[in-house]
Amino acid sequence: MAMQAARRLASWSLQRRLLLPSQVQAPSIPTAAAAAAFLHSHATSFGYKQVREEDKSKLVGNVFSSVASSYDLMNDLTSVGLHRLWKDRLISKLNPFPGMKHLDVSGGTGDVAFRVLERIKSVGHRAMQGTLTETEEDTHIYVCDINPNMLNVGKKRAAERGYSKEHCLSWVQGDAEALSFEDGSMDGYTIAFGIRNVTHIEKALSEAYRVLKRGGRFLCLELSHVDVPVFKEIYDVYSFSVIPAIGELVAGDRQSYQYLVESIRRFPNQEKFAQMIQEAGFQRVEYENLVGGVVAIHSGLKL
Amino acid sequence: MASSLAARRLLSRAAAARRLPVPFASAPAPAPAPAAMGSRRFSADAGPPPPLPPPPLEPVVEPPTSEGAGTSSSSTTAGAEGAHRSSPGAAAGARRQGGAGYEEEQEKPRMGWSESAMVTGARDVGVSPAIVGAFPRKEAALVEFFMDDCLQQLMDRIDAGEGEQLKNLILSERLSKLVRMRLEMQAPYISKWPQALSIQSQPANVSTSLKQRAVLVDEIWHAAGDSGSDIDWYVKRAVLGGIYSTSEVYMLTDNSPEFRDTWTFVNRRIKDALDLQKTFQEAAYLAEAVGAGMGGTVQGVLNRVFQKRSG
């Protein structure tokens with residue numbers, strides 16, 4: 001029943017909003033102190049638990065090491081397959097082009113990277129490529145993840161799809177807060193369902209700003225806050241009761257999925273996060289709600 | 001020079017955005033100036049783009065328009081003489097969201113009004129082509145930007161001095177000259193203009209393109225010296241809009257040297273229209289006279305009705 005409601009909402013509620021300074025759930029005038037306090041609280045929170053800042057990264061790492069093998073299956077179960085549509089939407093917003101240098105951060109299992117690759121190689125793009133001087137030889141997609149287990153799963157999936165000899169695709173282990181790429185080397189940066197798990201969000205955002213070229217786009221797909229009245233309650237019940245139960249049944253790990261669900265609630269809402277992106281230096285920041293706010297795609301432009 | 005080009009483009013954006021809701025042609029001159037100053041600052045900060053060398057033209061494989069492919073091969077021979085220039089890239093398109101977005105006017109004779117033209121344009125300017133993804137309606141944005149830019153160029157030329165020359169001409173010649181000035185701006189892109197027209201007529205884009213044309217026609221009438229009563233205002237703009245559109249389409253198939261046939265066409269249509277307008281005016285007077293006669297009767301009846309009610 002909740003799935004039907006979700007599906008119906010998915011079909012009509014693509015709401016796009018530009019950043020408006022007025023409607024913010026958090027204190028409407030974020031003073032430097034308030035912003036700093038929020039960021040500190042994110043850095044020391046592990047779901048609803050309080051942890052030391054130094055420990056958060058390790059704890060998150062443990063979560064993903066344990067869920068890595070069933071990550072994709074769990075995604076399909078908990079989002080009822082909708083995550084595929086969300087990622088498709090992310091890629092169509094990105095609008096990849098032949099010759100693109102793209103970085104997908106915390107994209108361990110490769111979903112976003114495969115989509116970008118397929119889009120660039122698609123027939124339609126071959127037609128466009130005929131009129132472009134640069135060929136798709138220059139295309140390169142980097143998949144960066146802090147967790148080697150997730151990367152291994154991704155490499156395995158790539159082999160299954162026949163991309164093991166693919167020279168366009170690179171798997172890099174790295175930290176979103178300290179990327180190993182050069183300044184201004186990427187045309188596009190995506191982070192799908194990953195920014196929530198980063199200890200210092202502002203560092204990840206400024207790293208994103210650093211590695212992007214001028215004209216490059218930042219896109220973030222993340223679970224976000226639902227404000228729609230009735231649906232909000234249904235979603236809460238689903239999140240706190242159903243998801244950890246599925247986690248226990250399928251992956252044998254209730255705690256990790258409890259963390260996942262709690263971390264969604266602790267993450268800033270759409271407006272606040274958009275403000276943070278703007279503070280990192282991005283321009284034309286806007287967000288699009290999917291399924292009434294269950295998921296939001298934030299985008300920004302580096303100029 | 002390049003930065004003034006960028007500033008000009010920004011001005012057109014700002015100017016067009018402001019003119020859109022206003023039906024009055026008399027937008028005061030000082031009003032655009034402060035915005036222009038602010039916008040000029042933007043483009044200056046962003047840095048002037050390097051001017052482009054003319055590209056090596058090659059035949060375009062443009063799948064949908066076979067006509068495009070045919071005419072583009074003729075354009076390659078003309079291109080050697082530099083007839084088809086590629087306009088320098090970066091232009092700042094002002095957006096509400098703050099910060100400048102860049103639009104590229106690039107190699108349209110070669111690639112048409114397409115995403116690949118925008119991608120190449122972005123590369124040439126030194127901006128990542130990822131920016132093309134930020135435009136919600138990509139090719140339409142390019143066409144609309146071009147329309148705004150041409151409008152701004154027209155207004156600049158009128159303000160700069162050609163407006164004085166206009167005063168010596170009669171009304172029909174003034175209109176012809178203005179329409180010709182505007183259509184000449186499209187001449188370098190004429191091989192791909194059918195594509196631009198089809199983009200403009202798509203349902204998602206048609207409202208913006210109609211608005212732009214309305215503004216254009218308004219400007220032309222204003223420059224030609226508009227003085228008329230209320231009904232005339234709408235009729236004039238509608239008629240000129242029709243003439244402009246038909247001339248534009250005529251120009252697509254005109255092979256005469258320097259589009260001579262098109263200008264003859266424009267002159268004849270405008271003369272016909274003005275003659276027609278005299279006919280309209282006379283018809284309006286006649287209707288007034290008849291109405292006055294009839295109105296006496298109607299008014300008498302109404303007076304009696306109201307007398308009865310108040311009485």
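Because the structure is predicted, anything quoted here is derived from the model rather than measured. Quick note on labels: first sequence line is chain A, next is B, and so on, each numbered from 1. These values consider heavy atoms only, across backbone and side chains, with no hydrogens, waters or symmetry-generated copies.
A/R217 contributes atom CZ, which lies 10.0 Å from atom OG of B/S128 (distance to the nearest 0.5 angstrom).
Minimum heavy-atom separation, A/D187 to B/P129: OD1-CD, 4.1 Å. When all heavy atoms of A/F97 and B/A130 are compared, the closest pair comes out as CE2-N, 3.3 Å.
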